[in-house]
2 protein chains.
Amino acid sequence: MSQFKVISLESIRVACKNCTLTSLCLPMGLSPEDVERLDEIVKRARPLHRGDYLFREGDRFRALYVVKTGSVKTFAPSSEGGEQVLGFHLPGEIIGLDAIDKDVHACSAKILETSAICEIPFTRLEDLTATTPSLQHQMYRLLSKEIGQDTDMLLLLGKKNAEERLAAFLLSLSQRLHKRGLSPSDFYLSMSRHEIGNYLGLAVETVSRLFTRFQEDGLMCVDRKHIQLLNLPALESLVGGSGQGRRQQQQQT
Amino acid sequence: MSQFKVISLESIRVACKNCTLTSLCLPMGLSPEDVERLDEIVKRARPLHRGDYLFREGDRFRALYVVKTGSVKTFAPSSEGGEQVLGFHLPGEIIGLDAIDKDVHACSAKILETSAICEIPFTRLEDLTATTPSLQHQMYRLLSKEIGQDTDMLLLLGKKNAEERLAAFLLSLSQRLHKRGLSPSDFYLSMSRHEIGNYLGLAVETVSRLFTRFQEDGLMCVDRKHIQLLNLPALESLVGGSGQGRRQQQQQT
DNA sequence: ACGCATTCTTGATCCAGATCAAATGGCAGA
DNA sequence: TCTGCCATTTGATCTGGATCAAGAATGCGT
C-alpha cells in the first residue's frame, strides 16, 4: 500500500483501530491485522437522530449495527398493539444478533439521541469469520453474551420486585457507562420513564414513585433526566435479593 | 474407507446421520459429508437419570449438550437461595450456548426424566466450524435462535398475565412435540407444577388453579402429569393478548 | 401392604403494584 | 414570548396473583 495514499481525516477518525471502543466492541481481543480486515467491511453511516429507525420489525436482515456514540432502544411488538422494550444499547454494543436465525428482524431499533452507528453487512462478516478464527470465536462469544444478558433479564422479570428491578437497571447503566470511561454515578437518561417502565415490566407511575423514593432515601439525586447515584453500595444491596430482609417470593424446585 | 470395516450396531443407531432428530438438531441443513464430519466429534453418553446434572453453575465450560431423548431443565441461582428455571429442553435442543462467553456455566442443567444426551466438545466444534461454512452458519443461527427465544420469554414475563403465560407454555410444548413427530395435544409433563410456576414467574398455587380452570373451561384435560389439549385454537387466542377483551396493561412508548 | 414425604389442590386473606384521576412542569413550535 | 401537548409526578383506589393454611392425592421405600 502506497505511503502516499490520501486518507481523509474522517476515515482515520472512525477506523476501528482508532476507535476508543475497540476494547468493548467486535474487535475486542483481535490482532491488529484482524482488526484491519474487519475494518474493511464496516460501513460508517452519517449520524442518525432521535426517532430514526435502524431497522423495523419485519425488515430483511442485512447487517449488524454497533452503537459508536449515542444510544438506541430495541423493542418488539406485543400482541395487540403494545410493545416490549428489549434493551437500551450504549456505545460498543451490537444490535441485530437475534435476526440471524430467521433472516428477518423480529424487533425494531430506534435511535434515542443523536447517534453514530457502524453497520456491518452480515454476509461479509460471516465470510470474514470463516477465515479468521479469532473473529469467529469473538462472534460466538458475543452471541453467547447476549444470551447471558437475556438470562439475567429473565431472572429480573421472573423473580425481582419493582425496587430491585429499578436498582438493577440503574446499576447496569452505571457499570456500562463506567466501562466506557464515563462517570458511573452521574449521567443522563436518554430514555423516558415510560420506556424504563416498559423495559422493567413496571408501570410508569411505579418508576416515577421509585425515583422519588430512592431520592428520599438518599440513594440518588434525580433532576429530570439527569441522574446522580449517591450510594452505589446501597443500590447493590437492594438488587441482591430484597435487601434488608423483606419477605420475598422464594421458589425452590 | 473399507467396506469391511466393523461397525457396532450401537454406533450405527446413534450416528447423527441416522438420528431422527437430524432435521431439528445441529445437522439441520448440512450436506451428508458435513454431517459425517460433525459425527466424528460428537460423543454419545450412556443414559442419564432424573436428578442427574449435565453441568452445574460454576463448572468450566467444555461442551455443548443436545438432548437426544428425554428432557432437561436449566436453571440459574437467584440471589439468596432461590432459583429461576430458564428452560425445559426437548430432543434436538441444544444446551450450554450461554457459557461460551465466560467459559463458565452460569446455570445448571438437570435431567428431568431418563434421557440420552449427545455431548459436543466445544473446542473441536469450533475448529470444525472454521472449516465448514455451512456449519458455521448453522451455529450462528442456533445462537441467534436462542436469543430470539429469550426475547419471546421476556415479552411473556414482561407483558402477559398468568392465564396467557400458562397457555403460551402449553402451546410451546405442544408445537415442539409436534415437530418431533409426537402428538401436539396429548403428552406428559416431565416437570413439576412448581417448576412450571418458577419458569413462568408464577406461584405453584396459581399454576394449579389455572390447570383446574382450563379444564373447567374445556380447554384441556389434566390428569396428574398427563395433559390433553382439547381446544388448541382457544388456547392460541388466549395467548394472543388477553383473549376475549379483558383489561390489559398496554404500554406504548 | 403400610407409612411417610412430597406434590398437588383448594380456600381465605393480603398486598405490591396496576389502574384511574388530576395537577404540575418542560419543551417544541409558531 | 406564548400556547399547547407530553412527560412526569403525586394521590386514591382496585385487583391479580402471592402468601398463608389446610387437606387430598400420589409415590416411594421398606
Side-chain angles (χ1 to χ4, degrees), chain A residues 49-51 73 78 82 85 112-114 156-167 188-216 220-227 238 242-243 246-253, chain B residues 49-51 73 78 82 85 112-113 156-167 169 188-216 220-227 238 242-243 246-253:
Chain A
H49 301 285
R50 176 171 179 81
K73 79 161 175 177
S78 165
V85 173
L112 286 172
E113 60 187 319
T114 303
L156 185 108
L157 292 179
K159 296 277 174 292
K160 310 248 182 211
N161 64 27
E163 186 178 78
E164 293 164 339
R165 292 182 197 190
L166 189 63
Y188 282 83
L189 299 175
S190 60
M191 70 295 291
S192 70
R193 303 284 194 269
H194 209 119
E195 288 165 325
I196 295 172
N198 186 311
Y199 176 60
L200 298 175
L202 301 172
V204 206
E205 295 92 329
T206 303
V207 173
S208 180
R209 276 186 253 271
L210 283 170
F211 272 135
T212 304
R213 173 136 59 92
F214 282 178
Q215 182 156 235
E216 285 166 0
M220 61 189 297
C221 184
V222 185
D223 173 31
R224 208 83 179 97
K225 302 206 173 261
H226 180 203
I227 296 295
L238 269 192
S242 68
R246 162 200 297 239
R247 175 187 19 53
Q248 172 76 1
Q249 172 185 7
Q250 272 315 329
Q251 301 177 317
Q252 311 281 2
T253 39
Chain B
H49 300 285
R50 176 169 179 82
K73 79 161 175 177
S78 164
V85 173
L112 287 172
E113 61 187 319
L156 185 108
L157 291 178
K159 296 279 174 291
K160 310 250 182 209
N161 64 26
E163 187 179 78
E164 293 164 339
R165 292 183 197 190
L166 189 63
F169 169 72
Y188 281 83
L189 299 175
S190 60
M191 70 295 289
S192 70
R193 302 284 193 271
H194 208 119
E195 288 165 324
I196 295 171
N198 186 311
Y199 176 60
L200 298 175
L202 301 172
V204 206
E205 295 92 327
T206 303
V207 173
S208 181
R209 275 186 253 272
L210 283 171
F211 271 136
T212 304
R213 173 134 60 92
F214 282 178
Q215 182 156 236
E216 285 167 359
M220 62 188 297
C221 183
V222 185
D223 173 31
R224 209 80 181 99
K225 301 206 173 262
H226 180 204
I227 297 293
L238 269 191
S242 69
R246 163 198 298 237
R247 176 186 19 50
Q248 171 77 0
Q249 172 184 6
Q250 272 315 328
Q251 300 176 317
Q252 310 282 0
T253 39

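Residue numbers start from 1 in every chain, and the chains themselves are labelled A, B, ... in the order their sequence lines are given, proteins ahead of strands.
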So which heavy atom on [X] is nearest to which on [Y], and how close?
| X | Y | value |
| --- | --- | --- |
| Leu189(B) | Phe211(B) | CD1-CZ, 4.0 Å |
| Lys225(A) | Ser192(A) | NZ-CA, 3.5 Å |
| Arg165(B) | Gly201(B) | NH1-O, 3.5 Å |

| task | Give the B/S/- string for nucleotides 5-14 of chain D, one per nucleotide from 5' to 3', where a protein heavy atom under 4.0 Å of the base yields B, of only the sugar-phosphate yields S, and otherwise -. | result | ---SBBBB--
Rounded to whole Å, please give me the gap between [atom1] in [X] and [atom2] in [N].
| X | N | atom1 | atom2 | value |
| --- | --- | --- | --- | --- |
| Leu202(B) | dT19(D) | CG | P | 11 Å |
| Arg165(A) | dA18(C) | CZ | C1' | 12 Å |
| Leu200(B) | dG16(D) | CG | P | 19 Å |
| Arg50(B) | dG27(D) | CZ | P | 13 Å |
| Asn161(A) | dA18(C) | CG | C1' | 15 Å |
| Ile196(A) | dG17(C) | CD1 | P | 17 Å |
| Lys160(A) | dG17(C) | NZ | P | 13 Å |
| Glu163(B) | dG17(D) | CD | P | 8 Å |

Side-chain contact test, heavy atoms from C-beta onward, threshold under 4.5 Å: evaluate it for [X] versus [Y] and give yes or no.
| X | Y | answer |
| --- | --- | --- |
| Arg50(B) | Leu112(B) | yes |
| Leu200(B) | Leu156(B) | yes |
| Lys73(A) | Met191(A) | no |
| Phe214(A) | Val222(A) | no |

| Divergence of helical axes at both termini of the helix from dA1(C)-dT30(D) to dA30(C)-dT1(D) - five pairs an end, 10° steps | 60°
| field | Separation between CG of Asn161(B) and CG of Leu210(B), rounded to the nearest 0.5 Å | value | 8.5 Å
| message | I want to confirm an ordering. Mapping Ala162(A) and Asp223(A) to their closest nucleotides on DNA chain C, which one lands closer to the 5' end? | response | Ala162(A)
| query | Does Glu163(B) pair with Arg213(B) as a salt bridge, N-O distance under 4.0 Å? | reply | yes
